Amino acid sequence: MADAAKLLEEAMNLPLDERARLAEDLLASLDEKEDDVEAAWAAEIQRRAQEVRDGAAPGEEWRAVLRRIQDETLRG
């Protein structure tokens, strides 16, 4: 953690445009990790959809779901 604090201190001494570029690069590096999350969600969605197609997952009428969501929203 001391390394991170030292890096931050050094980064704060950079000119504004270099700090902005560094911040952009750091944020972009986090997006790469989100790709794994998106891939995992895509796989989960495919798995659930297949369960529905196979009849292994119970379905629910969309109007009933919408009513339940609206009720829950109103209750806070």
Side-chain angles (χ1 to χ4, degrees):
M1 195 63 175
D3 289 341
K6 184 174 182 315
L7 281 172
L8 177 60
E9 182 180 338
E10 290 176 13
M12 294 303 288
N13 291 319
L14 293 171
L16 179 62
D17 61 326
E18 289 183 37
R19 286 195 322 254
R21 194 172 318 115
L22 178 60
E24 183 180 358
D25 290 345
L26 287 170
L27 288 172
S29 75
L30 297 176
D31 288 340
E32 292 172 7
K33 296 196 184 301
E34 289 182 11
D35 289 342
D36 293 341
V37 172
E38 288 180 25
W41 271 113
E44 179 65 13
I45 290 166
Q46 288 178 348
R47 183 189 67 76
R48 291 181 187 193
Q50 189 61 50
E51 284 182 355
V52 170
R53 285 191 293 272
D54 293 343
E60 193 171 346
E61 208 274 325
W62 74 269
R63 286 183 184 93
V65 173
L66 179 60
R67 273 193 305 276
R68 188 176 71 242
I69 291 170
Q70 289 170 334
D71 290 346
E72 289 172 3
T73 302
L74 289 174
R75 283 182 279 185

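What you see is a predicted model; the values in this text were computed from it and never measured.
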Pairwise distance [atom1]([X]) to [atom2]([Y]) - rounded to 0.5 angstrom:
| X | Y | atom1 | atom2 | result |
| --- | --- | --- | --- | --- |
| Asp71 | Leu66 | CG | CG | 9.5 Å |
| Arg53 | Gln46 | CZ | CD | 8.5 Å |
| Glu10 | Leu7 | CD | CG | 6.0 Å |
| Trp62 | Arg67 | CH2 | CZ | 9.5 Å |
| Leu22 | Asp17 | CG | CG | 11.5 Å |

More than 12 foreign heavy atoms under 6.0 Å from CD of Glu9: is that the case here?
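No, not enclosed.
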Evaluate whether atom CD of Glu24 has more than 12 neighbouring non-hydrogen atoms of other residues, nucleotides or ligands under 6.0 angstrom away.
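No, the 6.0 Å shell around CD holds no more than 12 heavy atoms from other groups.
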Any non-hydrogen side-chain atom of Arg47 less than 4.5 Å from a side-chain atom of Gln50?
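Not touching, per the 4.5 Å side-chain cut-off.
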Test of understanding: with side-chain hydrogen bond (donor to acceptor under 3.5 Å, both in side chains), list the residues that count as partners of Arg68, not counting sequence neighbours.
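Result, side-chain hydrogen bond (donor to acceptor under 3.5 Å, both in side chains) vs Arg68: Glu60.
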Between Glu18 and Arg21 (salt bridge meaning N to carboxylate O under 4.0 Å), is one present in this structure?
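Answer for the salt bridge query: no.
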